[in-house]
Amino acid sequence: MRVAIALAKNDDQKVYPGPFGHAPRFAIYEIERGGEARLLEVRENPYAAMEGGRKHELMRGLLGDVDLRVGARFGHGGSMGAFPMAERLEVGPVTVAEALNRLKAR
């Protein structure tokens with residue numbers, strides 16, 4: 001399973017504290033069968049400052065290869081937003097390590 005974790009602006013070890021779509025970048029992990037998480041890349045979010053318009057469509061394109069989105073919170077639009085409820089995990093403003101632990105515990 002491929003996972004995108006919203007990253008804080010200047011700290012690769014913390015989840016971005018705001019809405020997922022406003023994160024400046026995303027850590028893309030591959031979660032192996034035994035729960036092992038392997039970092040594949042850190043992907044910049046060129047749409048972080050966008051509001052409305054085509055943002056949902058652009059974000060779906062940016063993270064179209066990801067099975068699950070993990071963030072501190074998910075904002076505007078609820079289940080009608082860029083990523084439906086079934087494809088996301090809200091963890092609060094925690095460390096990336098804690099987010100990965102919560103993901104394994106699901």
Side-chain angles (χ1 to χ4, degrees):
M1 171 174 61
R2 192 167 282 202
V3 175
I5 299 179
L7 287 179
K9 185 173 183 171
N10 296 315
D11 190 344
D12 287 348
Q13 302 305 308
K14 292 191 178 171
V15 172
Y16 178 71
F20 182 84
H22 294 279
R25 52 211 176 107
F26 301 99
I28 309 299
Y29 283 89
E30 183 70 37
I31 307 299
E32 308 291 339
R33 285 185 182 253
E36 178 89 19
R38 183 171 45 98
L39 179 64
L40 300 177
E41 68 175 299
V42 173
R43 193 175 295 173
E44 297 296 320
N45 180 7
Y47 316 115
M50 270 182 96
E51 295 286 342
R54 293 185 53 223
K55 182 170 183 169
H56 287 174
E57 175 188 346
L58 294 168
M59 289 295 296
R60 283 190 298 272
L62 177 67
L63 297 174
D65 62 332
V66 172
D67 302 305
L68 180 70
R69 287 84 183 159
V70 178
R73 61 189 182 96
F74 290 81
H76 323 295
S79 63
M80 300 304 289
F83 305 108
M85 295 293 285
E87 298 177 338
R88 62 193 204 185
L89 174 63
E90 195 167 289
V91 294
V94 298
T95 65
V96 169
E98 177 61 25
L100 289 169
N101 284 336
R102 291 184 189 185
L103 177 60
K104 289 177 189 176
R106 316 179 329 137

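All values reported here derive from a predicted model rather than from experimental measurement. Numbering of residues begins at 1 and proceeds along the displayed sequence.
- Salt-bridge annotation for R25 and E44: absent, with no side-chain N of the basic residue lying under 4.0 Å from a carboxylate O of the acidic one.
- One finds the CD1 atom of I5 at 11.5 Å from the CZ atom of F26 (value rounded to the nearest 0.5 Å).
- Note that the CG atom of D67 and the CD atom of E30 stand 7.5 Å from one another [nearest 0.5 Å].
- Contact check for H22 versus E51: side-chain heavy atoms found under the 4.5 Å cut-off.
- Closest approach of I31 to A37, counting heavy atoms only: CD1-CB, 3.6 Å.
- Contact check for P46 versus L62: side-chain heavy atoms found under the 4.5 Å cut-off.
- Within 6.0 Å of atom NZ in K104, more than 12 heavy atoms from other residues, nucleotides or ligands are found, so the atom counts as buried in its surroundings.
- Residue pairs meeting the side chain to side chain donor-acceptor pair (under 3.5 Å) criterion with at least one partner in residues 93-102, sequence neighbours excluded, are E98-R102.
- When side chains are defined from C-beta on, V96 does not count as touching V70, because their heavy atoms never get closer than 4.5 Å.
- In summary, of the residues considered (R69, R2, R60), a salt bridge (charged side-chain N to carboxylate O under 4.0 Å, His left out) with E87 occurs for R69 alone.
- Scanning both residues, A72 and V15, for their nearest heavy atoms gives N-CG1, 3.4 Å.
- Going from atom CE of M50 over to atom NE2 of H56 covers 10.0 Å, rounded to the nearest 0.5 Å.
- Taking both residues in full, the closest heavy atoms of P24 and Y16 are given as CD-CD1, 3.7 Å, listed atom of the first, atom of the second, then distance.
- For the pair E90 (side chain) and F74 (backbone), a donor-acceptor distance under 3.5 Å is present.
- Minimum heavy-atom separation, L89 to L103: CD2-CA, 4.0 Å.
- Contact record, A99 with V94: N-CG2, 3.9 Å, taken as the closest heavy-atom pair.
- Shown here for A6 and F20, the closest heavy-atom pair between the two residues is CB-CD1, 3.8 Å.
- Side-chain contact check for L63 versus N45: every heavy-atom pair is 4.5 Å or farther apart.
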